[in-house]
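See below for the structure under consideration.
Excluded from the calculations below are hydrogen atoms, water molecules and symmetry mates; all remaining heavy atoms, backbone and side chain alike, are included.
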Amino acid sequence: MSSKDARGDKGASTGKRIGGNKKMSGAKLSAGSKGTGGGKKAAGRPHRGGKTKSQASSRQRTGRPSHRGASFDASALEGAEFIEVSNVALPLDAGLESPASEVNRPTPVPLSTETNHPAPATPAASPAPAEGSHAESLSRAAIASALGVAPEDVASFSLVKRSVDARKKSNVHFNATYAVHLAQGVAYDALSPARGVNVRAYDPPAPLAIPDLRSLATSSDGRIVVAGTGPAGLFCALYLAEAGLRPLVVERGVAVDERTAAIESFNAGGPLDAAANVQFGEGGAGTFSDGKLTTGTKSPHIRHVLEAFVQAGAPDEILWQAKPHIGTDKLPAVVKSIRERIISAGGEVRFLTRLADIELSGGAVRSVVLEDSRTGAREAVEASRVIVACGHSARDVFELARDRGFALERKPFSMGVRIEHPQTLINRAQYGAAAKHTALGAADYKMAVRVPARANGTRSDATHGEKAIAGDNATRGVYTFCMCPGGEVVAATSEEGGVVVNGMSRFARDGENSNSALLADVRPDDLPGDDVMEGVRLQREVEHAAFELARRNGGVPYAAPAQTVGDFLVGATFSSRQAEGGQPGGTVAAASEARRRTVVPGSHRRVGASESHSRLVVRPSYPRGIVWCDLREFLPAFICDALAQGLPLLDAKLHGFADPGAVLTGPETRSSSPIRMVRGQNFQARLASDLPDSDEELATRVYPCGEGAGYAGGIMSAAVDGLRVAEAIAAEFSSR
């Protein structure tokens, strides 16, 4: 998203009817004053005739401004009790009061069923601001203006979606979608929507139907084993448990409370716990991130996932925010609540239990071997199905799948650094003079550019030198990912002797800095040979090289190498010159050379010669401390070249992004999996012995799922994939 487009998903629709929660679906709507809304008379279906006397007077009051749309088909609204009005321009002051409240928080109930949760009769959206409040008056006036009616003609309304529209810095406002009920006697054919405003019949989202399969699951089937408690594993297990299939969920890490304590200990300088860190443990890697719930996936399951999160204790506002997030401080309790629901529905959850082996018979799973993550003790468990929902850092699972004959393939992934700015810089760049308005909160961004790719790209690393990579693609993508407003850079390694960085924000997003991954594409043809594990090897080499570089330059164990943007771009000039002479890597600017030292989190960095014109001061937030180094000493040359070319282009989209004083901390290597575990249309894993062009769907009863298996790219897409796999398994039982 460029600086000209900070508005999120404009006027997004809710899709079909949601379900699973009567309390949410029946939330109080904002009622009109003077008896026009909320009463029994106003609750009926709108009048379909011509204008009433009161309408005519309303028409005279509001008129038909010149900005009204050219045409409007009222017949499409025939029979609708509620209408959906999108692209409503809403002043920022309307956001000073939250449309949701604790009173309307839904109570925990099953995710949904076909029988005991009928479709809601009223819009399943958040309640409006308190009746008579300033925010309520502003919202009502905006809706009325968008429809071309008087404010009293709006009987009740409920917020469905809201985003920020900052395309014009002189007119930063909210863009909202509402479910609206008009006052008795107001005819739809009398509406005159403003230009750009869309009006249609409100179509509430459909509930997620979970069949009752208890009578179809026999003891001879064996256990359904779900490996991993990230979003994919949790939502798959929740569905299966509520369907009566009693899944066994295994997690190599620890429960979220113990995990939180272990991460805090590591951040404070303690030893790395291989079973309890940012990558491994209950909730997966996303638990210690911003908890962003945005996705490019188009699926009705998105609403089901959001609703389940709210039932588990997430803030109600994720149901109407265009860019919802939960926050690292709230996610642990949410994850724990989902686990408790799985157990209460008949599932079993075991921690410190690693999927060590999958045993096949006739091409289908027969049993699994589970291993205690700390003692190494093993147990064989008969299994009818295995859901492989391990995250992208479960590298041993990739090796297991390869060794057991499953088809794996390389997939594109990314590599780079975290870029850190003061949050105030991002706020000003995105919102201009409105940046300090309290209704806006911390601004975010999302950007991508294409840069020329090096011909016959090479990678340099500390352990293997220069390796030729086949391919001569014209461009390479450079983009920001997992932007954390008001957040901090986190220590995300899961293996001894390696450094990995990631980012997180708390719910309030009130930290001093913002940070984002700044990544460049790594394509399969960037890697040498044809070994499917080559991407993992590259990740490890970079992580270990970063660890050693920081130690050589005086850092404590797991300190991270860092460099200012100014020094990095100066170094890029030297790197390019050396590359022309066939030499790998590059040298850092003299200013960085003089500054090589461990910098503890929060301390001011000294401004070097290459940054003398920058007034930007960034307090690096990485918890184990940073060491000023040359990033080219551990990152592949083609990654550094792409980032150096991309930074000025990104700065053109977001002024100040490439400020010389911004801090780059690396490496970010775990943004996605470098491997995909191939599956068929039936969601089941394929064997390497299958013919490549075969359309035959084999029943291996092994289901690769989520981000680690190569089928998702974040919390929401992983959770949605978990539900899709669970539905496929339920369909198999239902067809018996």
request  = Might you work through the side-chain contact (heavy atoms from CB on, under 4.5 Å) test for V451 and L649, ending with a clear yes or no?
outcome  = CA-CA 9 Å; V451 301; L649 300 177; 3.9 Å; yes
Criterion side-chain contact (heavy atoms from CB on, under 4.5 Å) on M415 and L635, from CA distance to verdict = CA-CA 9 Å; M415 189 173 290; L635 279 174; 4.2 Å; yes
Residues R552, C629; criterion side-chain contact (heavy atoms from CB on, under 4.5 Å); working and verdict = CA-CA 10 Å; R552 288 199 308 271; C629 298; over 6 Å; no
message = T564 vs W628, test: side-chain contact (heavy atoms from CB on, under 4.5 Å). Steps then yes/no.
response = CA-CA 8 Å; T564 63; W628 299 113; 4.0 Å; yes
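Across all their heavy atoms, K653 and M447 have their closest contact at CB-SD, 3.7 Å. When all heavy atoms of D630 and L549 are compared, the pair lying nearest together is O-CD2, 3.8 Å. K292 and C484 get closest at one heavy-atom pair: NZ-SG, 3.8 Å. Listed here is the closest heavy atom pair of L650 and A448: CD2-N, 4.2 Å. Heavy atoms only, all atoms of each residue included: G286 and S289 are closest at O-OG, 2.6 Å. Among all heavy-atom pairs drawn from P623 and V490, the shortest one is CD-CA, 4.1 Å.
Ring orientation note: the planes of H421 and F657 are tilted relative to one another, at an angle of 30° to 60°.
No donor-acceptor pair under 3.5 Å is formed between the side chain of N553 and the backbone N or O of G555. Distance alone, capped at 3.5 Å, places no donor-acceptor pair between the D721 side chain and the C705 backbone. Counting only distance, with no hydrogens or angles, the side chain of R252 and the backbone of G281 share no donor-acceptor pair below 3.5 Å. Using a distance-only test at 3.5 Å, with no hydrogens or angles considered, a donor-acceptor pair links the side chain of D521 to the main chain of G477. Using a distance-only test at 3.5 Å, with no hydrogens or angles considered, a donor-acceptor pair links the side chain of H392 to the main chain of R670. No donor-acceptor distance shorter than 3.5 angstrom exists from the side chain of S514 to the backbone of G486, with no hydrogens or angles considered. In terms of modelled atom types and a separation under 3.5 Å, the side chain of T475 and the main chain of P452 share no donor-acceptor contact. For S673 (side chain) and G708 (main-chain N/O), a donor-acceptor pair under 3.5 Å exists by modelled atom type. The closest donor-acceptor contact from the side chain of R679 to the backbone of P704 lies under 3.5 Å. R624 places a side-chain N or O within 3.5 Å of a backbone atom of P557 that can act as its donor or acceptor partner.
Other residues, nucleotides and ligands place no more than 12 heavy atoms under 6.0 Å from the CG atom of D530. More than 12 heavy atoms of other residues, nucleotides or ligands lie within 6.0 Å of CZ in R410, so this atom counts as buried by the packing criterion.
Sorted by first and then second residue, the ring-ring contact (aromatic ring centres under 6.0 Å, His included) pairs involving residues 512-553 (not counting sequence neighbours) are F547-Y558. Within the structure, salt bridge (charged side-chain N to carboxylate O under 4.0 Å, His left out) pairs that include any residue of residues 494-505 comprise R395-E495, E495-R540 (at least two apart or interchain).
Residues R259 and T287 meet the side-chain proximity criterion, which asks for heavy atoms closer than 4.5 Å. By the 4.5 Å heavy-atom criterion applied to side chains, Q539 and F413 are counted as neighbours. A heavy-atom distance below 4.5 Å is not found between the side chains of P660 and L616. Within the 4.5 Å cutoff, side-chain heavy atoms of T294 are placed close to those of P324. For the pair V522 and P674, the minimum side-chain heavy-atom distance is 4.5 Å or more. Looking only at side-chain heavy atoms (C-beta outward), V499 and T493 stay at 4.5 Å or farther from each other.
Here D641 does not pair with R476 in a salt bridge; the nearest charged N to carboxylate O distance is not below 4.0 Å. In summary, R509 and D444 do not engage in a salt bridge, as defined by a charged side-chain N under 4.0 Å from a carboxylate O. Using a cut-off of 4.0 Å between Lys/Arg side-chain N and Asp/Glu carboxylate O, E420 and R619 are scored as not salt-bridged.
When each of V565, V449, V478 is paired with L647, the side chain to side chain contact (heavy atoms under 4.5 Å, CB included) condition holds for V565 and for no other.
The line from CD of E399 to CE of M533 is 4.5 Å long, rounded to the nearest 0.5 Å. Distance CD/E488 to CG/N502: 11.5 Å, rounded to 0.5 Å. Remark: L400 CG to M677 CE distance equals 7.5 Å, nearest 0.5 Å. Atom OG1 of T480 and atom OH of Y445 lie 6.0 Å apart (nearest 0.5 Å). Annotation: the span from N513 atom CG to L425 atom CG amounts to 10.5 Å, rounded to 0.5 Å. In this structure, T669 OG1 and F634 CZ are separated by 10.0 Å, a value rounded to the nearest 0.5 Å.
Side-chain polar atoms of Q279 and S494 form no donor-acceptor pair below 3.5 angstrom. Residues Y479 and S414 have side chains that bring a donor and an acceptor to within less than 3.5 angstrom of each other.
For the pair R632 and F568, the cation-pi criterion (under 6.0 Å, within 45° of the ring axis) is fulfilled. A cation-pi arrangement is not found for R418 relative to Y622, the charged atom failing to lie both closer than 6.0 Å to the ring centre and inside a 45° cone about the ring normal.
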